[in-house]
Structure formats: C-alpha cells, structure tokens
Amino acid sequence: MELIAKRPNGTKDMIPAEAHKWHTVEKVVSETAECFGFKEIRFPMFEETGLFKRSVGDTTDVVQKEMYTVSSKGDDTFTLRPEGTAGTVRAVLQNGLLNEALPLKTYYIISCFRHEKAQKGRLREFHQFGVEMFGSKSYLADADVIALAQSVLLRLGIENTVLNINSIGCPHCREKYQQALREYFGKYTDKLCGTCLSRMEKNPMRILDCKSEICSDIAKDAPVILDFLCDECKEHFENLKENLTERGIAFKVNPKIVRGLDYYTKTVFEFVSDSIGAQGTICGGGRYDGLVEQLGGQPTPALGFAMGIERLLLTMEAENCEFNQPKTCDIYIAAMGKAAEKKTVALVSALRDEGYHAESDVMGRGLKAQMKYADKMGAKFTLVLGDNELLSGKAKLKNMKKGEETEISLGDKFIDDFSDAMIAEMFDVEEMFKG
RNA sequence: GUGGGUAUAGCGUAGCUGGUUAACGCGUCAGUUUGUGGCACUGAAGACCAUGGGUUCGAAUCCCAUUAUCCACCCCA
C-alpha cells in the first residue's frame with residue numbers, strides 16, 4: 001500500500017492493542033508519586049528557546065544539536081521541550097509556587113523531543129515520567145527521591161536494575177576539580193579527540209565520559225571528583241549513602257557518571273537495566289541547587305529525576321512483567337429483525353447509563369456473525385433478541401466462558417438481573433484464582 | 001553526524017545458485033440449510049515483491065543509487 005504520509009523517523013504510534021501497557025505504567029507511576037506526596041504539574045510542550053539554553057546548558061549536546069526549534073510569526077523562537085525540568089522550574093517560578101509550604105513536590109508525564117538518530121530505546125519523540133522537589137538541601141530529600149524512583153520500578157515489576165550514584169560537587173569544589181582536570185588533560189592535548197579538546201575549557205568533566213579509546217584510556221588515571229569535594233558536599237554524600245543503606249536500598253558509587261545536563265550539582269544517580277540494549281539508563285536524575293536562582297528565582301535547592309517511559313516498557317517486556325488487562329465487553333446484545341433492533345438499542349443504552357460496557361451490531365451482520373464478533377471481543381455475556389423474546393418479555397443471558405444460559409427479564413428488572421449476573425461472574429473469577 | 005544489517009499482502013515468513021498466474025501461517029470477511037461464539041472444513045478479499053536506474057531474451061531473485069527501518073557509536077530518559 002502506498003501511503004501518502006508516513007510516521008516521522010524516531011516516532012512511534014501507540015495502537016489500541018498496546019494502550020493497556022501505557023495505562024499500567026501511567027497508573028503505577030502517578031499513584032506511587034502521590035504516595036510520596038508529589039502532585040501533578042502540566043506545562044507547555046514548547047518554551048522560549050532561551051530557557052533551555054540557560055538551564056540545560058549551552059555546551060551540551062542536547063542544546064547544541066538536538067533541539068527542535070521553530071520560529072513563530074513574531075521574532076521569538078520556541079523549542080519543543082527536550083526534557084521536563086526546565087519547564088517545571090519555569091512554571092513553578094511563574095506561578096509563585098515557592099511561596100507556599102515547602103518542600104514543593106511535583107511530578108509529570110510528558111512527551112519530549114530530541115533530534116537524535118533513532119535506535120532501540122532512543123526516540124525523537126519520547127515520553128518521560130519525572131519528579132521535582134524544591135526547597136530542601138538535606139540528604140533526606142535525595143534519599144526520598146531515590147526511594148521513590150526505586151519504588152516505582154519495583155511496583156512496575158522491574159527488578160534487575162543497578163543504582164549508580166555519584167556526587168559532582170557544588171560550584172566551589174567543582175571549580176577546583178575542573179582546574180585539576182585541565183591540568184591533567186593539558187598534558188595530552190596532542191592525543192585527545194577534537195570534541196574533547198573543545199570540552200577542555202567549557203566543561204572538562206565531560207571528557208571523562210568520552211568513549212573514544214584514546215580519551216577513555218587517558219581518562220582512566222584522571223583525578224576523581226570525590227577527592228575534591230568540599231566538606232559540605234562530602235558530608236552530604238556520606239549522609240546520603242548512610243541513609244540509603246538504612247533504607248535497604250542497594251547502590252554502587254560510580255565516579256564516572258556525569259550527567260550530561262549542566263544544571264546538576266552534588267548528587268547524581270541513575271538506574272540502569274542491562275536487558276534492553278545499549279540505551280539502558282531507565283532513570284536518571286540528581287540535585288540542581290543552582291538552577292532556580294539561575295532562572296530568576298530566590299536561591300532554592302532542588303532535585304529530581306526522569307524515567308523514559310518507552311524504556312520502562314522495554315524493560316517490563318524483557319522481564320515479563322505483568323500489565324493490567326484491558327477491560328472487555330460486559331454484554332453483547334445480538335438483534336434479529338427491526339423490532340428487536342429497537343429494543344436492543346434501548347437496552348444497550350440503559351446498560352451504558354449504568355456504566356456497563358455494552359455493545360450491539362453496527363455492521364448489519366447476521367446472528368452467527370454477531371456471536372463470533374462477541375466472542376472475539378471477549379464479551380462476558382451475550383443476549384439474543386428476536387420476535388420470541390419480544391413477545392415473552394424474557395430472554396436467555398449466556399455466559400460466554402461457561403456456555404451456560406439463565407433467563408433474564410427484559411422489563412424493569414432487566415438492569416438488576418444483569419447486575420446480579422455480573423456480580424456472580426466476578427465472584428466466580430475469584431473462585432477460580434483460589435483454586 | 002559515523003558505521004553495519006534489513007526491506008515480499010494487516011502481521012510473521014518462504015521463495016533469493018535469475019525462467020510460466022509470487023507461496024505459507026496468523027488475521028480479516030463469507031459460507032458449511034432453517035435463531036447462537038470457541039473446534040473443524042470450504043471459499044474470498046488483500047502484494048505494482050520499498051523507490052529509481054542498470055545487466056539480461058527474461059529480475060522478487062544479480063549490480064548501483066535513493067529512501068525507510070533496525071542495531072551500534074555518540075548522547076541521554
């Protein structure tokens with residue numbers, strides 16, 4: 001078939017047959033966040049381009065080469081959000097939310113856009129579940145946020161992940177560290193790759209992350225940030241580790257993890273899965289104590305994380321996690337003839353008003369084909385209406401799983417009778433699970 | 001942006017040492033007599049074999065280009 005348009009590169013359709021998977025994740029994720037006291041926030045899909053430049057960082061890949069920037073009719077340029085933190089902070093400040101009781105705890109489920117080359121677990125339009133907490137500089141906040149992330153993963157049924165944590169210090173210790181890095185890497189200017197050379201001045205920490213053989217070889221013996229932390233940062237990190245241990249949360253200190261977004265300070269962490277290919281980071285986050293002030297607010301410590309929903313789904317599929325099953329049809333009413341058709345429409349309508357999932361034919365099919373359809377839809381009950389039923393005012397309600405039929409009144413008692421049948425059905429399912 | 005793999009009906013595949021109407025499974029639809037689904041059987045619809053060039057008497061099959069997609073690098077969720 002020759003289509004006139006195809007799905008853009010790096011995007012995915014969510015088809016009805018997969019909706020229940022997304023619903024499962026969205027439900028678990030938001031319920032867990034609410035258990036921890038986080039409330040949902042929504043904000044625009046696009047923002048002024050400057051917001052991302054200033055928060056995510058001018059030198060980052062995300063800003064330099066991955067943003068979808070569009071110009072509107074005026075002179076302003078807007079950018080499709082590549083992540084959720086910047087928009088959240090902007091919205092929090094613009095609505096004065098930091099003037100209310102602290103900590104402020106928000107969560108979101110959003111789509112994000114980055115112009116990257118697509119591969120497994122990496123899309124141009126992808127979805128994130130993220131949380132942000134404002135107002136606390138305590139390690140307890142870090143531990144709580146990490147505990148939330150872990151709790152979400154466990155409730156989704158994801159068990160095989162590793163939690164990596166690190167501290168990248170505050171601006172004070174970072175400056176000393178970056179100086180040390182420049183001195184160290186300065187000895188190898190003739191060997192480092194081009195991108196790393198350009199990183200030297202602006203952000204030498206990112207050289208540590210370079211996967212080029214030569215650079216990573218040199219980076220092996222580079223100074224480690226943890227040796228340069230100031231007393232406050234060191235204490236914060238030690239307290240966090242202790243608190244995580246007390247909570248029974250296993251972690252690995254990994255001095256190599258350096259988040260690629262400039263706003264992070266002190267704690268950074270990620271949960272990694274090894275079952276979904278190269279893009280195994282399913283959750284990444286950390287503290288960003290300077291960002292609120294940088295965007296024009298009062299100095300306010302803050303932190304958060306984001307999870308890639310597509311990556312969560314990949315992991316859940318890889319680990320054979322269970323999804324909530326979609327709701328199926330409660331009752332299908334098959335009609336034969338014009339008179340029955342009228343009655344059918346009336347009954348279906350009444351059932352729907354009571355909240356039942358009721359269906360009837362819209363294809364002009366014969367009885368047999370209607371029954372086949374009802375079966376395929378997974379209808380729990382069927383009811384056949386013809387002249388006989390209309391005359392007697394009674395019909396046979398068929399339980400499709402068992403094949404049993406019970407008589408049901410088509411009069412005023414219809415809804416009550418059907419409710420009883422549904423309750424019996426539910427009760428029966430429970431019995432089956434017990435057995 | 002850089003590599004490598006793959007492109008055949010809605011989905012999954014066969015056919016790929018070139019040769020009549022491109023096959024199979026699943027799915028869809030209809031039927032197997034009279035008012036009842038699941039099973040079985042029968043039949044139907046559905047593919048310009050990704051696109052454009054070439055080689056050849058002849059190309060789904062060989063060659064080149066383009067595009068799409070997948071995996072990996074990079075980066076990140």
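In what follows, every chain begins at residue 1, and chains take the letters A, B, ... in the order their sequences are listed. Keep in mind it's a predicted model, so treat the numbers as computed, not measured.
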Watson-Crick or G-U wobble partner for [N], using a 3.5 Å limit on both distances?
| N | result |
| --- | --- |
| B:rA59 | none |
| B:rU69 | B:rG5 |
| B:rU42 | B:rA30 |
| B:rC24 | B:rG12 |
| B:rU36 | none |

Roughly how far, to the nearest 0.5 Å, is [atom2] of [Y] from [atom1] of [X]?
| X | Y | atom1 | atom2 | value |
| --- | --- | --- | --- | --- |
| A:I309 | A:L123 | CD1 | CG | 12.0 Å |
| A:E159 | A:S273 | CD | OG | 12.0 Å |
| A:F305 | A:M133 | CZ | CE | 10.0 Å |
| A:H127 | A:I110 | NE2 | CD1 | 9.5 Å |

Separation of [N] [atom2] from [X] [atom1] (nearest whole Å):
| X | N | atom1 | atom2 | value |
| --- | --- | --- | --- | --- |
| A:F305 | B:rC76 | CZ | C1' | 16 Å |
| A:K372 | B:rU36 | NZ | P | 13 Å |
| A:K12 | B:rC70 | NZ | P | 5 Å |
| A:N9 | B:rU66 | CG | P | 17 Å |
| A:N399 | B:rU36 | CG | P | 19 Å |
| A:Q370 | B:rA30 | CD | P | 11 Å |
| A:N164 | B:rC76 | CG | P | 15 Å |
| A:F126 | B:rC76 | CZ | P | 12 Å |

Donor-acceptor pair under 3.5 Å, [X] side chain vs [N] base:
| X | N | value |
| --- | --- | --- |
| A:E270 | B:rC76 | no |
| A:K398 | B:rG37 | yes |
| A:R311 | B:rC76 | yes |

For [X], answer base if it contacts any base atom (sugar-phosphate contacts may also be present), sugar-phosphate if it contacts only those atoms, and nothing otherwise; contact means non-hydrogen atoms under 4.0 Å.
| X | value |
| --- | --- |
| A:G366 | nothing |
| A:G403 | base |
| A:A306 | sugar-phosphate |
| A:E66 | sugar-phosphate |

Counting heavy atoms from C-beta on, name the nucleotide in [options] closest to the side chain of [X].
| X | options | value |
| --- | --- | --- |
| A:A369 | B:rG37, B:rA30, B:rC76 | B:rA30 |
| A:K117 | B:rC71, B:rC75, B:rG35 | B:rC71 |
| A:D375 | B:rG38, B:rA30, B:rU69 | B:rG38 |
| A:E116 | B:rC70, B:rA30, B:rA77 | B:rA77 |
| A:L261 | B:rC76, B:rC73, B:rU36 | B:rC76 |
| A:N388 | B:rA77, B:rC75, B:rG35 | B:rG35 |
| A:K376 | B:rC73, B:rC76, B:rU28 | B:rU28 |
| A:K120 | B:rU36, B:rC75, B:rC71 | B:rC71 |
| A:A278 | B:rG38, B:rA77, B:rC73 | B:rC73 |
| A:E389 | B:rA72, B:rC70, B:rG35 | B:rG35 |

Spacing of the [atom1] atoms in [M] and [N] (rounded, Å):
| N | M | atom1 | value |
| --- | --- | --- | --- |
| B:rC26 | B:rU2 | C1' | 40 Å |
| B:rG25 | B:rA44 | P | 13 Å |
| B:rA65 | B:rG27 | C1' | 37 Å |
| B:rC49 | B:rC41 | P | 32 Å |
| B:rC62 | B:rC16 | C1' | 10 Å |
| B:rC48 | B:rA60 | P | 13 Å |
| B:rU67 | B:rG53 | C1' | 14 Å |
| B:rU34 | B:rU28 | C1' | 27 Å |

Legend entry - Residue met sooner reading RNA chain B from 5', once A:T60 and A:A118 are mapped to nucleotides: A:A118
Legend entry - Pairwise 5' ranking along RNA chain B for A:H115 and A:C283, keeping only the more 5' one: A:H115
Inset, instruction - Under the side-chain contact (heavy atoms from CB on, under 4.5 Å) rule, what do A:D144 and A:R247 come out as? Steps first, then yes or no, please. - result: CA-CA 10 Å; A:D144 227 30; A:R247 293 176 190 237; 3.1 Å; yes
Inset, instruction - Test A:Q370 against every option in A:D361, A:T382, A:I333 by the side chain to side chain contact (heavy atoms under 4.5 Å, CB included) rule and name the one that passes. - result: A:D361
Inset, instruction - Compare the ring of A:Y373 with the six-membered ring in the base of B:rG37 and state whether they stack (centres under 5.5 Å, planes under 30°). - result: no
Inset, instruction - Look at atom CE of A:M363 and say whether more than 12 heavy atoms of other residues, nucleotides or ligands are closer to it than 6.0 Å. - result: no
Inset, instruction - Look at the side-chain N and O atoms of A:Q119 and state whether any lies under 4.0 Å from the OP1 or OP2 oxygen of B:rA72. - result: yes
Inset, instruction - Ignoring backbone atoms, test whether A:K368 places a side-chain nitrogen or oxygen under 4.0 Å from the OP1 or OP2 oxygen of B:rG31. - result: no
Inset, instruction - Determine the interplanar angle of the A:F418 and A:F414 rings, folded into 0 to 90°, and report it as parallel if under 30°, tilted if 30 to 60°, perpendicular if over 60°. - result: parallel
Legend entry - A:Y177/A:F228 aromatic ring centres below 6.0 Å: yes
